[in-house]
Every structure is written in structure tokens, then in C-alpha cells.
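Report on the structure given below.
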Amino acid sequence: MDAHATLSAWTPDSWQARKLSQMPDYPDAGALAATLAELARLPPLVTSWEVELLKARLALAQQGRAFVLQGGDCAETFADCTSDNVVQKLKILLQMSVVIATGLKRPVVRVGRIAGQYAKPRSADTETRDGLSLPCYRGDLFNRAAFTPEDRIADPALMLRGYERAALTLNFVRGLIDGGFADIHQLESWDLDFVSHSPMADRYRQLVRRVSDALAFFESVTGQKLDAARRIDFYASHEGLNLHYEQAQTRFLKHRGRWYDLTTHYPWIGARTAALDGAHVEFFRGVANPVSVKIGPATTPDELCRLAAVLNPGNEPGRLSFIHRLGAQRIGQLLPPMIRAVREAGASVLWICDPMHGNTEVLDSGIKTRRFERILEELEAAFRIHAEAGGQLGGVHLELTGDHVTECIGGARGLAEEDLHRAYRSQVDPRLNYEQALEVAMRIADRG
Ligand code: PEP
Ligand code: CO
């Protein structure tokens, strides 16, 4: 970090003078400016009250008094914005959160990779098919997946389409929750999606019965309905990759005296855009939202400390999370010095484990997958290493779906390589399916 970077004043567009990665150029500057002006006029997707409430919850997770469950698709697409998809995703996250809360005896902070997870970093700038090279597809917020020159041009209008999809999704999620969909009294009625004879089903049903009995017991003893069991909090997050989109919805709130990025509650900076002197770190240092940074094997302990100093100079509780994604094989070697350095620097952070992105492999058939055992192995190692260091793992970050896809190998049903073709739907990274996701939740619960 050079002196200039530390001393210069932050403005919502100060990122534009920094090194920009993973963002394509918009060839039509006039159209970009007009779209951003429109986006800036539209109402925010989330409110600062919700954002501050989440920050307080994350501060509890940092002290080991709550646990963060963050999950959803690797990439949402505009076409996936359907009633079924939203319901399924909400349902699996709710079920997992009940399992984890019961096991760990701690409240769970539920965060979806939802309502804005439309922009993706890519390892190559171009894609070549039959001798034709075109700009790569970077997610529906930037360009279109079809392999034609027109579709691959970055189109600012897609930011408006993304904003609308995010609003539709959030509206539905809020309606479901307000209407009682997440009511713990209804736990038994969520139990609709197990494939028959699911190895997970029996255990899940036992647990649900325990929770229902406990609730019934409490209510009969106190003679009151436990209203707190009817409503839950649910928060949105996405990778804050398209800084034009984030900036357009960022405003200064006089009553709080701070800037808020109101596209989402809890944005994260991806592993590929976490450079200290880069545009993404510059943008997110200036907003009051809780922010996370994905930490890969290339990040040094020293860089972590400097990220903490830049992103959370006041050591505000709940403000900064590090999501480590180091891989099952390397976490044992890489994580301990990271934890030590951050502690010695006196930085206050919430540690979350993403056991997905360090364990991706490409099979001979060309299919991208992840092995369930590796995912669990990394997660278990994360719990152990944080505990041995005298701290705690405060949450988990997963790529999952509420559907019965076949994208990751293993799990209680023993999905094999030959099974992957049956229901492989992800355009990007392989996700845990419904049962695998619930199994991860049960393993986390077992640590309670
Ligand atoms: C992701 O979360 O989909 C992603 C690209 O992760 P990372 O930045 O950790 O590679
Ligand atoms: Co991913």
C-alpha cells in the first residue's frame, strides 16, 4: 500500500482512478452514463437499518455467540429468477439454519448469495470456439452468455435488468418470511423435498421432532405462543464486482453520517479483485456495510493485516469478514499464520470458511466438480484450527442449491463421477445439492 493510497480521500467514484480488474469496458459511454443516472434515481434495494442490524449480528458471530450461514448459487442468472428457485433456496437455507442452530445452540445469521449474484470474475478474458475468439461471458449483469459478438459486448442496460431481478427476488423473500413461511411452528411442513429413502431424511425428521416438541413444551408451560419463532432475519449478499452498479446505488445517509451501498446488505470482494491498491478495495473501504474479502492461498499474512487496516481502520465489530478458501490440502499450512498475524495486528475480524472454491477440480471428461469429502475435510480443519488458535470459526460460505442436481461427487447417497451427467445444471461452479447441503449442516451441528 503506498502512502498516496492511504491518505487520499474516499469518494464514491475514487475507485475509478485505481487499477481495475475483472471489469470489461462499456463501449457506449453515453449509454453507460444514462443507465447509471437512472439506477441512482431508483429506490434502494435494502435499507441502512437492515444493514446495521446485520452488522450487529455479525459482531455477535465474531464473539462466538452466533454462526453465519451464507449460501446460494455460484452465479444467479436472470432466467433463474423464478418462484420455484427462490422458494427452494430459501427453504434449504432455513432448514440448514435450524439444524445448525439446534446443534451449535447458537443463533444462525442467514445470508443468501441471492438478489444480485449476477457478476462473475473469470480466469480468461476471451473464449475461443472453432477458431472464433470473443470476450468471455462475465455474468448477466455485464453481458450475455450466447456466443455471438453482440451478446458478449458489455451492455449497461443489463444493470437495470439485474436491479429489477434483485428487487423482485427480495420482494418475494420478504413476502414469504412476513407471511409465515419461515415459522418454526411449520417446520414439519417444509419436509417435502426428500427423494424417497434419503439417508438424511430420518435424521432430519428426528431433529425436527425434537425442535417441535421443545417449542410445544415451552408454549404449554408459559401458556403463550412464542412469537419470536414466527419471524426470522434473512440477508442478501453478492460479490461486489461491477463497481458501476454498486456506486450507482451508494448514498450518503445524513441521519447516519455515512455512505451505504444499498444494492445488498453484505457485499464481498472476490479473491481475484482483493488487491490492496485495486479499485474494489478502494470502493468498499468507503461504505459502512459489513464487507467480506475472499482469501485464497496467494494472500500473505501481511497482506491480510493491511487489508484489515484499510477496510476497517476503526476496528468496528461486524464490519470486516475474511472468507478463507484455501483448499483441504493447504488449509493446515496456510491458515494458522494468517490467524496469528491478524491477531498480532490487533485487527478485529469475523472468520468464515468457504470450503468450495479451493477444492474445485476438472475431471478428464472436462467436467468441473468438487468432492464432498474434501469440502468436509476443509470445513473440519477450519473449525479445529481456529479453536486451536484460541478463537473461533464464525461461519460457513457454501455454493448450494435446493434442487437435486448432480454436480459435486460424494455425500450420503454416494454420487459418483458417472452420475454427474444426470442433472448437472451449473453454468459456473458445481454446487452442493439439497441432500449434500443438509448433510454439511448436520456435520456442523455435530460440533455443538
Ligand atoms: C465465488 O464465490 O463464486 C468466487 C468466484 O469465489 P472466489 O473469489 O473465492 O474465487
Ligand atoms: Co463460485
Side-chain angles (χ1 to χ4, degrees), residues 21-23 68-77 80 89 93 111-125 136-142 145 162 236-243 246 264 266-276 278-281 283-284 291-299 303-304 307 311 320-328 330-331 334-335 338 350-362 367-371 374-375 378-379 382 395-401 405 407-408 424-433 436-437 440:
S21 44
Q22 296 287 345
M23 273 179 60
V68 177
L69 170 65
Q70 184 173 26
D73 295 308
C74 180
E76 292 177 281
T77 64
D80 287 345
K89 211 171 300 168
L93 287 169
V111 182
R113 285 174 65 114
I114 199 169
Q117 180 52 15
Y118 303 124
K120 296 304 297 174
R122 303 308 304 261
S123 36
D125 285 341
C136 68
Y137 166 62
R138 293 181 180 274
D140 284 1
L141 198 62
F142 280 120
S237 69
H238 63 246
E239 177 169 350
L241 188 68
N242 188 337
L243 295 179
E246 307 301 327
T264 193
Y266 188 21
W268 76 84
I269 301 174
R272 292 178 183 78
T273 50
L276 269 162
H280 291 80
V281 170
F283 177 75
F284 284 107
V291 169
S292 358
V293 188
K294 292 281 210 96
I295 304 299
T299 311
E303 274 171 302
L304 272 194
L307 279 169
L311 289 167
L320 180 63
S321 315
F322 284 147
I323 305 175
H324 48 75
R325 23 88 83 226
L326 301 168
R330 303 182 67 188
I331 185 172
L334 296 173
L335 186 57
M338 290 182 174
L350 169 64
W351 295 97
I352 294 179
C353 174
D354 164 358
M356 312 297 294
H357 286 89
N359 296 309
T360 315
E361 56 184 281
V362 181
I367 296 180
K368 229 191 206 188
T369 192
R370 290 162 173 158
R371 288 172 204 275
R374 291 279 104 79
I375 293 169
E378 177 161 0
L379 191 54
V396 64
H397 180 114
L398 300 167
E399 286 185 346
L400 55 81
T401 154
V405 300
E407 297 172 5
C408 292
Y424 196 105
R425 296 203 205 112
S426 175
Q427 299 285 343
V428 224
D429 289 337
R431 301 158 298 176
L432 298 170
N433 64 24
Q436 290 168 330
V440 170

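When a residue number appears, it is its place in the shown sequence, counting from 1. Note that ligands are numbered from 1 as they come in the structure, with each ligand's atoms numbered from 1 the same way.
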Close N or O approach (His357, ligand 1; < 3.5 Å): yes
Within the side chain of Gln70, is there an N or O that forms a donor-acceptor pair under 3.5 Å with the backbone of Gly112? no
Closest N/O/S atom of Glu399 to the Co ion (ligand 2), by atom name? OE2
When you measure from atom 8 (O) of ligand 1 to every protein heavy atom, which one gives the shortest distance, and what is it? Ala271 N, 2.8 Å
Strictly below 4.0 Å, N to O, side chains only: are Asp429 and Lys368 in salt-bridge contact? yes
What's the atom name of the N, O or S in Asp429 nearest to the Co ion (ligand 2)? OD2
Is there a heavy atom in Arg113 that sits closer than 4.0 Å to ligand 1? yes
Any salt bridge between Arg371 and Glu361, counting N to O under 4.0 Å? yes
With atoms numbered from 1 as shown, which atoms in ligand 1 lie under 4.0 angstrom from a non-hydrogen atom of Glu399? 1 (C), 2 (O), 3 (O)
For the atoms NE2 of His357 and SG of Cys74, give the angle they form at the Co ion (ligand 2), rounded to 10 degrees. 180°
Who's the nearest protein heavy-atom neighbour of atom 3 (O) of ligand 1, and how far? Lys120 NZ, 2.7 Å
I need the atoms of ligand 1 closer than 4.0 Å to a non-hydrogen atom of Cys74, numbered in the order shown. 3 (O)
Side-chain contact test, heavy atoms from C-beta onward, threshold under 4.5 Å: evaluate it for Glu399 versus Arg370 and give yes or no. yes
Evaluate whether atom CD of Gln427 has more than 12 neighbouring non-hydrogen atoms of other residues, nucleotides or ligands under 6.0 angstrom away. no
Should Leu432 and Thr401 count as side-chain neighbours, where that means a heavy-atom distance under 4.5 Å? no
Quick check on contacts: which atoms of ligand 1 are under 4.0 angstrom from a heavy atom of Gly270? 8 (O)
Checking heavy atoms under 4.0 Å, the part of Ala75 that sits near ligand 1 is neither
State the atoms of ligand 1, each with its element, that fall below the 4.0 Å cut-off from a heavy-atom position in Pro121. 5 (C)
Calculate, to the nearest 0.5 Å, the distance between atoms CG and OG1 belonging to Leu304 and Thr299 respectively. 6.0 Å
For atom 10 (O) of ligand 1, state which one of Lys294, Arg325, His397, Gln22 supplies the nearest heavy atom. Arg325
For His397, check ring-ring contact (aromatic ring centres under 6.0 Å, His included) against everything at least two apart and list the hits. Trp268
For Gln22 and Arg138, does a side-chain donor sit closer than 3.5 Å to a side-chain acceptor? yes
